[in-house]
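First comes the structure, then the notes that go with it.
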There are 4 protein chains.
Amino acid sequence: MINRTVLVGRLTKDPTISYTQSGIAVCRFTLACNRPFKSGDGEQQADFINCVTWRKQAENTANFLRKGSLAGIEGRIQTSSFDGQDGKRVFMTEVVADSVQFLEPKSNRSEQPNGSYQAPQQQSQPQYSQQDPFDGGAQIEVSDDDLPF
Amino acid sequence: MINRTVLVGRLTKDPTISYTQSGIAVCRFTLACNRPFKSGDGEQQADFINCVTWRKQAENTANFLRKGSLAGIEGRIQTSSFDGQDGKRVFMTEVVADSVQFLEPKSNRSEQPNGSYQAPQQQSQPQYSQQDPFDGGAQIEVSDDDLPF
Amino acid sequence: MINRTVLVGRLTKDPTISYTQSGIAVCRFTLACNRPFKSGDGEQQADFINCVTWRKQAENTANFLRKGSLAGIEGRIQTSSFDGQDGKRVFMTEVVADSVQFLEPKSNRSEQPNGSYQAPQQQSQPQYSQQDPFDGGAQIEVSDDDLPF
Amino acid sequence: MINRTVLVGRLTKDPTISYTQSGIAVCRFTLACNRPFKSGDGEQQADFINCVTWRKQAENTANFLRKGSLAGIEGRIQTSSFDGQDGKRVFMTEVVADSVQFLEPKSNRSEQPNGSYQAPQQQSQPQYSQQDPFDGGAQIEVSDDDLPF
DNA sequence: TTTT
DNA sequence: TTTT
């Protein structure tokens with residue numbers, strides 16, 4: 001059994017973070033992935049893929065990604081179902097991301113991570129280490145001298 | 001923009017084939033992909049992922065795969081939406097498979113491909129070549145002498 | 001930075017296992033992945049991809065896979081280089097597998113795992129749990145009642 | 001048989017383009033993909049993965065990517081071997097890219113594509129269409145009105 | 001050095 | 001032979 005997905009796309013909205021009752025962070029966002037071909041009438045088409053990530057990744061995603069951010073994720077497709085408020089069964093598909101890569105150049109990042117997303121109040125200590133999620137990742141220090149553009 | 005998925009799982013039902021008005025074959029099936037971990041109560045869990053494939057792949061899939069068949073696919077996640085019969089917008093996610101690999105050993109295959117799936121009547125010629133979809137693929141001729149099991 | 005590979009192919013030889021000085025198991029094998037097209041002269045072509053896996057996966061692979069076994073892996077491409085015995089630098093590419101799936105039907109498996117591969121003598125306890133690597137793996141029994149379709 | 005790789009990394013050098021005797025463009029480049037973990041001594045580590053692409057993709061890659069460019073590719077691992085000049089057999093592994101995505105922001109692109117790479121002289125017409133490889137690629141402008149959420 |  |  002293999003279930004592996006890789007996506008690179010842009011967030012359609014700011015990500016949302018919440019916490020389970022046991023205090024685990026969960027962050028949801030949607031990636032718009034443009035299709036490599038146009039529709040019959042020449043319009044750009046995209047797939048809007050719901051993604052979810054957990055724990056430290058969730059907090060990093062909430063802190064550093066915004067609507068429009070270019071991001072890459074690796075994960076697996078997860079399906080679930082529940083009873084909708086109208087009594088009909090609702091089926092849901094989302095990608096559970098093991099890893100989230102921020103692919104914007106540094107110049108596009110907010111100077112300060114958005115400080116409003118933190119583990120809930122009752123936790124006097126941050127639950128996950130607040131390390132830089134870009135360490136070893138998409139560190140991008142493009143100086144004009146380095147690149148012939 | 002990257003949107004790539006690889007799945008290996010088993011068909012939850014026989015695949016279904018249909019034809020667009022212009023005669024293009026489209027085959028739908030669902031893959032059950034077991035999760036690599038058990039739920040809290042020790043139960044096996046799986047994701048049930050809707051897949052669709054087109055043209056020659058559609059006919060091969062309909063002819064050679066059955067409920068329970070082990071298959072591997074490569075494709076991309078596609079999202080769409082339409083108005084449900086109750087007027088509510090319904091969102092759909094499926095994997096459009098570029099390639100479908102049959103991973104059963106030959107001994108598990110039906111002797112004859114299921115002959116009931118063919119291009120519709122008005123086509124006097126088969127629309128897609130009827131070549132063996134296992135050519136270069138998962139040809140499996142395991143003789144007892146070759147394998148130390 | 002994303003680096004993800006998924007392969008399904010057959011082992012070209014029995015896998016080899018060894019142990020680092022600190023007693024960590026490492027298993028190497030080569031997967032033959034047939035190309036989906038034939039060469040000009042109609043011959044089947046394949047890529048022979050070196051793979052490596054560590055710890056419990058290493059022991060499971062050594063115990064349950066053999067020359068000819070169909071296997072699926074997920075991992076990342078790793079490159080390295082070292083000085084060859086002729087003083088020339090040798091470059092090496094291999095896939096480090098996070099997960100290895102055994103895709104043979106149950107009937108093709110040896111009744112007993114190959115007992116000859118164990119953690120080295122000085123370890124009185126098995127270093128990794130000897131659980132069935134196929135649990136939750138390639139065999140499922142889908143009944144209509146279980147599926148939400 | 002499945003053989004699929006997705007990479008996001010940076011070009012270690014300017015790509016090189018050449019043409020086969022029959023005039024088909026082939027472009028080679030190496031992607032540096034940083035590993036998500038540091039080595040024992042805290043150093044950043046990377047894999048240097050050789051890639052090759054053909055035809056129109058080859059010309060686009062040669063025209064638009066440079067040393068340091070962030071790029072994403074999808075492809076398959078290809079192995080081959082040949083006799084080295086010292087008579088020893090040399091084994092080679094590279095990723096054949098079906099698709100190459102340019103992931104730099106627009107501001108980092110050269111105004112003019114590098115005009116020096118063209119199909120060879122004897123071809124009075126460009127062999128591959130000179131369309132913008134970024135169409136439908138890395139830049140989108142998502143307005144709330146466009147999204148079905 | 002290659003599997004089926 | 002390596003990118004940031």
Side-chain angles (χ1 to χ4, degrees), chain A residues 101-107 132 134-143 145-148, chain B residues 101-107 132 134-148, chain C residues 1 3 7-16 28-35 43-51 65-72 79-81 88-91 93 103-104 108, chain D residues 1 3 7-16 28-35 43-51 65-71 79-81 88-91 93 103-104 108:
Chain A
Q101 289 294 318
F102 185 39
L103 298 172
E104 296 288 337
K106 236 173 187 156
S107 53
D132 182 355
F134 311 108
D135 249 352
Q139 312 106 309
I140 303 174
E141 255 127 55
V142 190
S143 101
D145 306 329
D146 296 337
L147 282 179
Chain B
Q101 290 294 318
F102 184 40
L103 297 172
E104 296 288 337
K106 235 175 187 156
S107 53
D132 183 354
F134 311 108
D135 249 354
Q139 311 108 308
I140 303 173
E141 254 128 56
V142 190
S143 102
D144 280 347
D145 307 328
D146 295 337
L147 281 178
Chain C
M1 302 283 153
N3 178 349
L7 303 173
V8 174
R10 288 183 183 279
L11 293 241
T12 61
K13 289 187 174 167
D14 287 359
T16 63
R28 286 177 198 275
F29 56 97
T30 299
L31 283 183
C33 296
N34 289 337
R35 296 183 189 161
E43 233 188 314
Q44 173 67 59
Q45 288 187 301
D47 296 292
F48 301 103
I49 302 169
N50 294 321
C51 301
L65 296 186
R66 287 290 165 271
K67 178 180 175 174
S69 298
L70 187 68
T79 61
S80 50
S81 63
K88 275 183 54 179
R89 194 133 201 93
V90 179
F91 294 91
T93 300
L103 298 172
E104 296 289 337
N108 282 12
Chain D
M1 302 285 152
N3 178 347
L7 303 173
V8 173
R10 288 183 184 279
L11 294 241
T12 61
K13 289 188 175 165
D14 287 0
T16 63
R28 286 176 199 274
F29 56 97
T30 298
L31 282 183
C33 296
N34 290 337
R35 296 184 189 160
E43 232 188 316
Q44 173 67 61
Q45 287 188 300
D47 297 291
F48 301 103
I49 302 169
N50 294 320
C51 300
L65 296 185
R66 287 291 166 270
K67 178 179 175 175
S69 298
L70 186 68
T79 61
S80 51
S81 63
K88 274 185 53 179
R89 195 133 202 94
V90 178
F91 294 91
T93 299
L103 297 173
E104 296 289 338
N108 283 11

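- The D:R10 side chain lies nearest to F:dT4 when the options are F:dT2, E:dT1, F:dT4.
- Side-chain proximity of C:N50 to E:dT2, F:dT1, E:dT3: nearest is E:dT2.
- The OG1 atom of C:T12 lies 8.0 Å from the NZ atom of C:K67; values are rounded to the nearest 0.5 Å.
- The OG1 atom of D:T30 sits 12.0 Å away from the CG atom of D:D47 when rounded to the nearest 0.5 Å.
- Look at CG on C:N3: it is 14 Å from C1' on F:dT3, rounded to the nearest Å.
- Of all nucleotides listed (E:dT3, E:dT1, F:dT4), E:dT3 comes nearest to the side chain of C:N34.
- Distance from the side chain of D:F48 is smallest for F:dT3 among the nucleotides F:dT3, E:dT3, E:dT1.
- To the nearest angstrom, P of F:dT2 lies 12 Å from CD of D:E43.
- As a whole-Å value, the separation of B:F102 CZ from E:dT4 C1' is 15 Å.
- Comparing atom distances between the D:F91 side chain and each of F:dT1, E:dT3, E:dT2 picks out E:dT2 as nearest.
- Of the listed nucleotides (E:dT1, F:dT3, E:dT3), F:dT3 has the atom at the smallest distance from the side chain of D:Q44.
- A side-chain donor from one of C:S81 and C:R89 sits under 3.5 Å from a side-chain acceptor of the other.
- Regarding C:L31, its CG atom lies at a distance of 16 Å from the P atom of E:dT2, rounded to whole Å.
- Taken to the nearest 0.5 Å, the CZ atom of C:F29 stands 11.0 Å off from the CD1 atom of C:I49.
- Between the CD1 atom of D:I49 and the P atom of F:dT4 there is a distance of 17 Å, given to the nearest Å.
- Looking at D:R10 and D:E104, a side-chain N of the basic residue comes within less than 4.0 Å of a carboxylate O on the acidic one, giving a salt bridge.
- Here the P atom of nucleotide F:dT2 and the CZ atom of D:F29 are 19 Å apart, to the nearest Å.
- For A:L103 and F:dT4, the CG to P distance is 16 Å, given to the nearest whole Å.
- Rounded to an integer number of Å, the gap from CE of D:M1 to P of E:dT2 is 17 Å.
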